[in-house]
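First up is the structure itself, then whatever we jot down about it.
Chain identifiers are assigned alphabetically (A, B, ...) following the order of the sequence lines, protein sequences preceding nucleic acid strands; residue numbering begins at 1 within each chain.
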Amino acid sequence: MALAMQEDLAPAEGFWTRPWRRFRQHRMALAGSLILVVFALGAILAPQLTSYEPNKQDLDNRLAPPSWEHPMGTDELGRDLLTRILHGGRISMLIGVLAMSVAVTVGTLFGAIAGYYGGRIDSALMRFTDVAISFPSLFLLILLAAYFGSSVPTIVLVIGLLSWMRVARLVRASFMSLKAQQFVEAARCCGVGARRIIIYHLLPNAMGPIIVAASLGVAGAILTESALSYLGLGIQPPTATWGSMLRNAQDQMAIAPWTAIFPGLMIFLTVIAINYVGDGLRDALDPRQLER
Amino acid sequence: MGKYIIRRILGTVPLLLLITFVSFVIMQSVPGGPLSVYRNNPRVTAKDLERIEKQLGLDKPLPVQYAIWLRNLLRGDWGESFAASRPVLPLVQERLLNTFYLMGASFLVALLIAFPVGILSATRQYSFFDHLATMFSFVGLSVPIFWLGLVALIVFSLKLGWFPAGGMRTIGSTFSVTDRLRYLILPMSVMALHSAGQYSRYLRSSMLEAIHQDYVTTARAKGLSDRQVIYSHALRNAVIPLITIVALDLPQLFSGALLAETVFSWPGMGRLFWRSAMRFDYPVLMALITITAFLVIFFNLLVDVVYAYVDPRIRFQNS
């Protein structure tokens, strides 16, 4: 029985047709997607795209301005900035995606349990969420990164575990309205267990807002990682991330402004592209937002 | 009303205790213990370490240490900084005021930008201005504060020479408003741009909601002018949801201030926090965390009370 219902819920033909049509109408979201594809390709193909090594120093060529050999110039150790930006993009974007996955997993779990069970469990979990959200997360991040080191897994966990709160609230809200609907009652009548209802009946219906929150979460995580690295608490040198490349830039900005401008520009463009894509996804997946 | 306020104040106590306790545990769980900084110092012998440990009560179990810390705090004793060997409170106080000065100024500027932008883009939905305002808010939301600060420094300080490259006032000069302003404008604008984008966006959507309400239509039908309808009917109601957003934004504002302070060498609490974290100076860290958490919770409470005052439904809903 449960199996039959599960099949009924599986996306029927054309599930994505309408959202895709709406998404295509959002021009900025399309432009954002294009930018993201280009940046992602640049990061993946980094070793093929440039002839320089990201950490290879060239002390005769320190702080060289942008030129044909070095389109974005070189840094204080003569390393090619474009190469470091391409390689740094790998880590920055990877951390963004992984930290978001952690945040969405934790947030969905908390929100689903709170929203489905309600009552005392709900108020306990939501009180906990209130505590977590009412604290300036950068402060805790600094503490945790300073104390527990800053390898990629630590940074991913720390950022993820400090940014699940919005997802939890979102999922809780949509679970609370969904669980009152008839299809859930019907499932319960058939003797479907709570875990099954949550995973197969409620979660697919709450997917829209989760996807939107996830996309915006990547942007937030990239910003957070770059801030941490700028403060010297992120991924340690010589490995490049967009944030850590800005760390020394302030001392040299008078003589080599390009070292300050290009890495930050990459963060900015990536984050704004993701935010526009998230906005487009919201229009596409959450039609209620459009009724205005 | 009084009962509601008292209930809410009592509700914040466990919240504060929880936040401080969690921070306390995090700080004590530094690999190598809170005294690990001293361990690398060749002038500090093992015997010294033991003495310091006893003196600070670090040999006792964690909950006991927390209780001691809390008891001292309630007596007004915030402890002594490890790094500066000075009482924490005066050290923190000055920094806090500097941060509030920066945060307050940029908050005001953010509102001064957000109100006209939000109102105009709501009343002229889908106009060229509205699209421009949307773009502005996306830029504000997406730009890393510290990078915007760096670019502002390069352009306005290094290239144009209009503003000093960091600090809060000219060292050694007597107090003057113009001098303070010259140092304030860059960090303030950078922080304000970030917040103004979000505030104007929220104001726009709550204005749009308000404009389509029945009472606004009624007001129009009675023949009130556009100006009156928008400013005295729609805007008043649109501002209420904005209050919540602004209060919820306070933790973000603290984080933003920390970054702005780092870029512009502003002697505020964010930089003090960062420096203290690098030196594991945990009495200072605990003080800063407690004060920040208290402020955030206090402002949320204030907003809730103001809300309950404005809208009686909230008062009775939870009783």
Quiz item: In terms of heavy-atom pairs under 4.5 Å with chain A, which of B/Val151, B/Leu288, B/Ile297, B/Ile19 leads?
Solution: B/Ile19
Self-check item: B/Leu18 portion near chain A, given a 4.5 angstrom heavy-atom threshold
Solution: side chain
Quiz item: What closest approach, in Å, do A/Ile272 and B/Ser142 show between heavy atoms, and which atom pair accounts for it?
Solution: CA-OG, 3.3 Å
Practice problem: Can you tell which part of A/Ala260 gets under 4.5 Å to a heavy atom of chain B, answering side chain, backbone, both or neither? | Solution: both
Quiz prompt | A/Gln250 side chain reached by B/Leu153 side chain, heavy atoms, under 4.5 Å | solution = yes
Practice problem: Using a cut-off of 6.0 Å, state whether more than 12 heavy atoms not belonging to A/Phe128 lie near its atom CZ. | Solution: no
Practice problem: Evaluate whether atom CZ of B/Phe100 has more than 12 neighbouring non-hydrogen atoms of other residues, nucleotides or ligands under 6.0 angstrom away. | Solution: yes
Exercise. Name the member of B/Leu253, B/Val22, B/Val139, B/Ile26 that forms the most heavy-atom pairs with chain A at distances under 4.5 Å.
Key: B/Val139
Self-check item: Parallel, tilted or perpendicular: rings of B/Phe273 and A/Phe139 (30°, 60°)
Solution: tilted
Quiz prompt | Shortest non-hydrogen contact between A/Tyr230 and B/Thr262, atoms and distance | solution = CE2-CG2, 4.1 Å
Exercise. Under 4.5 Å heavy-atom distance to chain A, tell me which part of B/Leu141 shows up: side chain, backbone, both or neither.
Key: both
Quiz item: Got more than 12 heavy atoms from elsewhere within 6.0 Å of OH, B/Tyr202?
Solution: no
Quiz item: Can you tell me how far CH2 of B/Trp274 sits from CD1 of A/Ile142, rounded to the nearest 0.5 angstrom?
Solution: 8.5 Å
Exercise. Test A/Leu138 against B/Gln252 for side-chain contact (heavy atoms from CB on, under 4.5 Å), laying out the working first.
Key: CA-CA 8 Å; A/Leu138 191 59; B/Gln252 246 62 52; over 6 Å; no
Self-check item: Which atoms of B/Ile289 approach chain A - backbone, side chain, both or neither, heavy atom under 4.5 Å
Solution: both
Quiz item: If you count heavy-atom pairs under 4.5 Å with chain B, which of A/Ile222, A/Ile267, A/Leu223, A/Leu231 comes out on top?
Solution: A/Leu231
Exercise. For residues A/Ala146 and B/Ala277, report the shortest heavy-atom separation together with the two atoms involved.
Key: CB-O, 4.0 Å
Practice problem: Flag yes if more than 12 heavy atoms outside A/Arg90 fall under 6.0 Å of its CZ atom; otherwise flag no. | Solution: yes
Quiz item: Measuring heavy-atom distances to chain B, does A/Leu233 have an atom under 4.5 Å in its side chain, in its backbone, in both, or in neither?
Solution: side chain
Self-check item: Exam field: side chain B/Trp147 to backbone A/Ile261, donor-acceptor pair closer than 3.5 Å
Solution: yes
Quiz item: Side chain, backbone, both or neither: which part of B/Leu258 has a heavy atom under 4.5 Å from chain A?
Solution: side chain
Practice problem: Measure distances from B/Val263 to the heavy atoms of chain A and classify the residue's part below 4.5 Å as side chain, backbone, both or neither. | Solution: both
Exercise. Can you tell which part of A/Leu144 gets under 4.5 Å to a heavy atom of chain B, answering side chain, backbone, both or neither?
Key: side chain
Quiz prompt | Closest heavy-atom pair and its distance - A/Ser137, B/Ser255 | solution = N-OG, 4.0 Å
